Visitor: 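Before I ask anything, here is the structure I am working with.
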2 protein chains.
Amino acid sequence: MTDTDDREQEAKRHAERFQRVREAHQTEVAEDYVELIARLIDETGEARVVDLAVWLGVTNATVNNTVQRLQRDGLVTSKPYRSIFLTEAGRELAESSHQRHILVRDFLLALGVGEETAEADAEGIEHHVSAETLTAFRRHLKATKPKKGN
Amino acid sequence: MTDTDDREQEAKRHAERFQRVREAHQTEVAEDYVELIARLIDETGEARVVDLAVWLGVTNATVNNTVQRLQRDGLVTSKPYRSIFLTEAGRELAESSHQRHILVRDFLLALGVGEETAEADAEGIEHHVSAETLTAFRRHLKATKPKKGN
DNA sequence: ACAAAAAGTTAGCCGTCACTAACTTTATAC
DNA sequence: GTATAAAGTTAGTGACGGCTAACTTTTTGT
Ligand SMILES: [Mn+2]
Ligand SMILES: [Mn+2]
Ligand SMILES: [Mn+2]
Ligand SMILES: [Mn+2]
């Protein structure tokens with residue numbers, strides 16, 4: 001009976017979607033950290049543990065743990081009691097994460113969502129938008145934004 | 001200097017956004033489970049551990065653990081070796097999660113995103129959209145969908 | 001009815017990402 | 001230049017959400 005086969009296929013696709021979400025969750029923290037590190041370096045000259053802690057709403061100890069993981073994964077470098085630097089890979093991830101972030105935020109703004117809500121929702125949504133959806137966001141922005149053309 | 005104050009305010013808002021994302025992650029698994037349990041009960045008459053495992057792409061043991069947590073949190077009931085039932089709270093969470101899920105998916109479809117991508121992205125995005133953003137999605141759907149009116 | 005298969009459970013493991021508390025190092029103020 | 005404050009680190013804890021392996025119970029097929 002091909003009825004059972006269909007059902008199995010559907011279950012398999014369903015499971016694959018959840019696996020993708022789980023994968024996204026694993027890279028999420030790294031993306032947010034390197035994006036913030038890049039910003040702090042850009043705006044203040046350096047990224048210190050205490051600043052990351054304040055801006056992320058976690059303790060110093062948590063930041064320390066995470067930074068060690070990022071270092072293990074080749075995204076940052078840091079020497080004891082010194083501030084944190086991005087590796088080339090870290091810079092690249094920060095840049096692409098940032099581009100994606102502002103695209104998602106701007107899309108929400110274009111939809112009529114308020115500033116703070118757009119920023120807040122973007123912080124979570126950004127990690128779950130595929131390239132195809134980002135393209136659709138860009139298309140929508142191009143189609144609606146041209147208010148300057150008025 | 002109010003310059004410093006501004007910076008502190010910005011950091012605080014930033015941190016609050018991340019706290020919201022972390023909270024969303026804590027309810028995410030519960031939402032997906034009850035939504036799937038409701039669906040399986042509806043479509044097949046019962047929700048069994050093995051089905052949840054297949055549809056979620058995890059092992060039986062993982063499902064068992066999670067179901068115990070859901071039971072602890074008052075969302076499901078289940079007796080040893082029997083299938084799983086939703087409590088009233090579980091049914092309510094399943095229903096609202098499902099409504100939100102299809103809204104997010106339909107919105108992506110309306111934007112021109114392909115079916116499988118819409119379904120996949122919705123699975124992650126759904127947990128990070130505020131009420132305000134959902135309203136904006138609905139507004140956009142109403143503004144564009146009326147193709148039946150053609 | 002009973003053997004084999006399927007389903008469910010339990011135990012023990014691991015990584016992530018939080019926390020607090022205690023400690024060390026660096027920076028600041030006087 | 002030294003005491004104090006701030007920042008950073010380390011150690012230890014815990015929940016969550018995954019896993020495998022071994023076991024028990026239920027279902028199925030003959
Ligand atoms: Mn971001
Ligand atoms: Mn984010
Ligand atoms: Mn989901
Ligand atoms: Mn869902």
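A, B, ... follow the sequence lines: proteins, then strands. Residue 1 opens every chain. For clarity, every value in this text was computed on a predicted model and none was experimentally measured.
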Visitor: Quick one: A/Leu52 CG to D/dT9 C1', roughly how many Å, whole number?
Guide: 15 Å
Visitor: Heavy atoms under 4.0 Å, any strand shown: does A/Glu28 hit a base, just sugar-phosphate, or nothing?
Guide: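 The residue A/Glu28 makes no contact with any strand.
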Visitor: Just jot down the side-chain hydrogen bond (donor to acceptor under 3.5 Å, both in side chains) partners of B/Arg13, sequence neighbours excluded, or say none.
Guide: none
Visitor: Starting from P on D/dC16, measure out to NE2 on B/His25 and report it in whole angstrom.
Guide: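 In whole Å, D/dC16 P and B/His25 NE2 are 16 Å from each other.
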Visitor: Checking contacts here: which listed nucleotide (D/dT20, D/dC16, D/dT9) is nearest the side-chain heavy atoms of A/Asn60?
Guide: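 The answer is D/dT9, which lies nearest to the side chain.
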Visitor: Whole Å only: how far is the CD atom of B/Gln26 from the P atom of D/dC16?
Guide: 8 Å
Visitor: If you check every side-chain atom of A/Thr62, which of C/dC19, D/dG18, C/dA7 has the closest atom?
Guide: C/dC19
Visitor: Quickly work out the A/Glu23 CD to C/dG15 P distance and round it to whole Å.
Guide: 18 Å
Visitor: May I ask you to decide if the ring planes of B/His128 and A/His128 are parallel, tilted or perpendicular, using 30° and 60° as cut-offs?
Guide: parallel
Visitor: Over how many whole Å does the gap from A/Gln71 atom CD to D/dG8 atom P extend?
Guide: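 The answer, rounded to whole Å, is 15 Å.
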Visitor: Compute the centroid of each ring, for B/His127 and then for B/His25, and state whether the two points are separated by less than 6.0 Å.
Guide: no
Visitor: Please list all pairs passing the salt bridge (Lys or Arg N to Asp or Glu O under 4.0 Å) test where one or both residues lie in residues 73-83 of chain A, with sequence neighbours left out.
Guide: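 Passing the test, one end in residues 73-83 of chain A: no pairs.
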Visitor: To the side chain of B/Val50, which of C/dG8, D/dT9, C/dA18 is closest?
Guide: C/dG8
Visitor: Could you state the NZ-C1' distance from A/Lys79 to C/dT25, rounded to the nearest angstrom?
Guide: 16 Å
Visitor: For A/Glu28, what residues pass the salt bridge (charged side-chain N to carboxylate O under 4.0 Å, His left out) criterion, not counting sequence neighbours?
Guide: none
Visitor: In chain order, what residues pass the salt bridge (charged side-chain N to carboxylate O under 4.0 Å, His left out) check against A/Glu115, with sequence neighbours excluded?
Guide: none
Visitor: Check nucleotides 25-29 of chain D against the protein and report each pair of N or O atoms closer than 3.5 Å, with its distance, or say if there are none.
Guide:
unit_1: D/dT25; atom_1: O4'; unit_2: B/Tyr81; atom_2: OH; d: 3.3
unit_1: D/dT27; atom_1: OP1; unit_2: B/Arg82; atom_2: NH2; d: 3.0

Visitor: Base, sugar-phosphate or nothing for A/Val29? Non-hydrogen atoms, less than 4.0 Å.
Guide: sugar-phosphate
Visitor: Quick one: label B/Gln19 by what it contacts on the DNA or RNA (base, sugar-phosphate, nothing), any heavy atom closer than 4.0 Å.
Guide: nothing
Visitor: Rounding to a whole Å, what distance do you find between B/Phe18:CZ and C/dC19:C1'?
Guide: 19 Å
Visitor: Could you please name the option among D/dG18, C/dT10, C/dA7 that lies closest to any side-chain atom of A/Arg22?
Guide: D/dG18
Visitor: Expressed in angstrom and rounded to an integer, what is the separation of B/Asn65 atom CG from D/dT20 atom C1'?
Guide: 13 Å
Visitor: Would you tell me if any nitrogen or oxygen in the side chain of A/Gln68 comes within less than 4.0 Å of OP1 or OP2 on D/dT9?
Guide: no
Visitor: In terms of side-chain heavy atoms of A/Thr59, which of C/dC19, D/dG8, C/dA7 is nearest?
Guide: C/dC19
Visitor: Nearest to the side chain of A/Asn64 - D/dT9, D/dC19, C/dA7?
Guide: D/dT9
Visitor: Got a salt bridge between B/Arg39 and A/Glu10, using NZ or NE/NH1/NH2 to carboxylate O under 4.0 Å?
Guide: yes
Visitor: If you find the nucleotide of DNA chain C closest to B/Asp51 and the one closest to A/Arg72, which residue's nucleotide is nearer the 5' end?
Guide: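 Its nearest nucleotide being more 5', the pick is B/Asp51.
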Visitor: Which pairs count as side-chain hydrogen bond (donor to acceptor under 3.5 Å, both in side chains) when at least one residue sits in residues 50-65 of chain A, sequence neighbours excluded?
Guide: A/Arg48-A/Asp51, A/Thr59-A/Thr62
Visitor: Start at the 5' end of DNA chain C and walk down; is the nucleotide closest to B/Ser78 or to A/Ala61 reached first?
Guide: B/Ser78
